[in-house]
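Only one structure is covered here, and it is reproduced in the block below.
Counting starts at 1 for both ligands and their atoms, following the listed order. Note that the coordinates shown come from a computational prediction; the quantities given were computed from them, not determined experimentally.
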Amino acid sequence: MDYLLALDQGTTSSRAIIFDSKGQIKASAQREITIRTPHPGWVEQDAQELWNTQIGVAQQAMAAAGLLAQDIAAIGLTNQRETTVVWHKKTGKPVAPAIVWQDRRTAEWCEQQRKLMDEHKLCKKTGLRLDPYFSAGKLVWILENLPEARSLANEGNLAFGTVDSWLIWNLTRGEQHVIDMSNASRTLLMNIQTQTWDKELLDYFNIPASILPTIVPSGGLIGYTADGLLGRKVPICAAIGDQQAALFGQGCFSAGLAKNTYGTGCFMLMNTGNELKYSQHQLLSTLAWQTPQQQPQYALEGSVFMAGAIVQWLRDGLGIIRQSSEVETLARQVKDTDGVVLVPAFTGLGAPYWDSEARAMLTGMTRGTNRCHIARAALESIAFQVADVLVAMQQDAPAPLTELRVDGGACCNDTLMQFQADLLGVPVLRPKLQETTALGAALMAGLGVGLFSCTHDIEHLWQLDRSFEPSMNNDERQQHLYQWHQAVSKARTNS
Ligand SMILES: Nc1ncnc2c1ncn2[C@@H]1O[C@H](COP(=O)(O)OP(=O)(O)O)[C@@H](O)[C@H]1O
Ligand SMILES: O=P(O)(O)OC[C@H](O)CO
């Protein structure tokens with residue numbers, strides 16, 4: 001009865017990981033998710049596939065561990081955020097493709113809204129900004145472009161949710177239509193100070209309140225899995241956005257501690273404790289979590305849209321590698337990029353630029369450029385984006401960041417991690433357990449079900465795998481950053 005099941009629905013894959021009460025992995029299963037880009041700037045997934053793969057891997061992990069539902073103390077759910085799902089309340093079927101957080105179809109709409117509404121007031125209310133990244137625009141797009149969705153909404157038969165809502169609806173067979181606070185804080189519809197839906201914004205965007213899920217704390221009992229899904233009923237005791245879960249899993253429980261996750265995108269979050277802090281440097285304010293033990297905790301966030309996804313593009317788009325790990329083999333064959341810079345604005349640029357119109361660009365190529373230089377430039381582009389975010393974070397932070405804890409699928413790449421430490425000038429600390437997102441959700445569920453009494457019980461679970469120490473001299477660092485910023489300017493003006 002001492003096991004915790006983490007369900008981690010990411011952009012790249014659905015994963016299920018079973019942890020024991022010491023935070024060690026007992027078993028796991030994973031399935032990659034299909035991504036569709038039917039028009040330039042559009043990014044969609046099939047909501048049904050998100051559910052099918054997620055429940056599939058949960059069952060697979062339990063079978064691999066040789067465990068039954070009664071062995072699982074609780075489920076902790078974590079998910080890609082902002083991705084917008086709408087479904088029919090009666091049939092439980094999605095009525096549109098899931099519009100993924102990377103989708104830019106509402107760029108023009110955001111531009112129009114910027115002229116019509118007070119963006120500063122919107123930022124104060126939500127902690128966010130007018131950008132296609134967030135759920136509100138995606139939901140408005142669905143309601144305005146799919147007549148079936150609007151008429152279902154008018155009849156009271158439409159349900160909206162982020163991926164946590166959709167999975168919980170399915171896990172409880174329609175008993176719970178909820179969203180956790182950390183996910184709700186990414187919709188552009190929740191007032192971050194009161195943690196309630198903002199009526200003024202709902203009216204302004206013409207979103208009927210009847211379609212919205214109930215906002216619940218991230219930790220604590222949310223509901224039970226339906227009979228038969230995993231065997232007998234299992235309590236769901238945590239739901240939290242994946243980046244906030246990683247912050248928790250990295251043990252960043254107090255103000256001033258920060259982590260960076262290298263997944264599909266890259267997300268740096270710094271815990272600001274009870275204080276809702278607004279950035280002066282283009283970062284977002286977000287709700288980190290609320291548990292039965294704690295009042296709402298906040299964080300500052302720098303969101304980068306393309307990180308590991310650039311490596312997927314090398315694999316699936318350019319075809320210069322067959323699997324992700326080969327990017328490092330290629331990059332290591334050259335000592336530098338020989339002047340090649342990739343600006344990965346495939347879906348615009350996120351923090352600190354927030355430029356939906358910027359487009360990706362590969363600059364500085366010569367007749368001698370080969371795939372090794374491109375692979376190296378791809379890895380470096382991840383680190384450059386993170387460096388820009390860290391500068392902003394350092395300016396907003398009450399005290400300088402002296403180290404950065406890292407995790408996510410791409411952090412196993414030593415070449416990337418070393419270049420990152422070199423560029424940042426601070427040590428980059430990689431933990432032994434890199435499934436921090438899933439661990440964060442599992443630990444929060446463990447707190448919810450009483451397996452741990454407070455965060456002190458779990459602090460010691462964080463263990464260092466390797467510290468990457470900065471070794472580049474300042475002149476070289478500045479030269480790299482100069483080249484990068486030159487290329488970013490071109491990508492922005494050429495769009
Ligand atoms: N060795 C590697 N070097 C760089 N990137 C990698 C490597 N292995 C995996 N990745 C990238 O990591 C990403 C998956 O990370 P993950 O944390 O699972 O993402 P998500 O939570 O978004 O589903 C993919 O985009 C993949 O390209
Ligand atoms: O799928 P990931 O891990 O890159 O995370 C996606 C983020 O939650 C988007 O905000």
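With respect to the salt-bridge test (charged N to carboxylate O, under 4.0 angstrom), the residues Arg105 and Asp103 qualify. Ion pairing between a basic and an acidic side chain is recognised when a charged N comes within 4.0 Å of a carboxylate O; Glu119 and Arg114 show such pairing.
Heavy atoms from other residues, nucleotides or ligands lying under 6.0 Å from CZ of Arg430 number more than 12.
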Run Val386 and Tyr262 through side chain to side chain contact (heavy atoms under 4.5 Å, CB included) and show every step you take. CA-CA 10 Å; Val386 172; Tyr262 299 78; 4.0 Å; yes
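Trp462 carries Arg405 over the face of its six-membered ring, with the cationic atom under 6.0 Å from the centre and within 45° of the normal. Geometrically, Arg81 engages Phe267 in a cation-pi contact defined by less than 6.0 Å to the ring centre and at most 45° from the axis. A cation-pi arrangement is absent between Lys26 and Phe19, since the terminal nitrogen or guanidinium carbon is not both under 6.0 Å from the aromatic centre and inside a 45° cone about the axis.
Sorted by chain and number, the heavy-atom contacts of ligand 1 below 4.0 Å come from Gly10, Thr11, Thr12, Ser13, Arg15, Gly263, Thr264, Gly308, Ala309, Val311, Gln312, Ser324, Ser325, Val327, Gly408, Gly409, Ala410, Cys412, Asn413. For ligand 2, the 4.0 Å heavy-atom shell contains residues Gly10, Thr11, Gln80, Arg81, Glu82, Trp101, Tyr133, Asp242, Gln243, Thr264, Gly265, Phe267.
Outside the 6.0 Å centre-distance limit, the rings of His177 and Trp166 are not counted as a close aromatic pair.
When all heavy atoms of Leu247 and Ala288 are compared, the closest pair comes out as CD2-CB, 4.4 Å.
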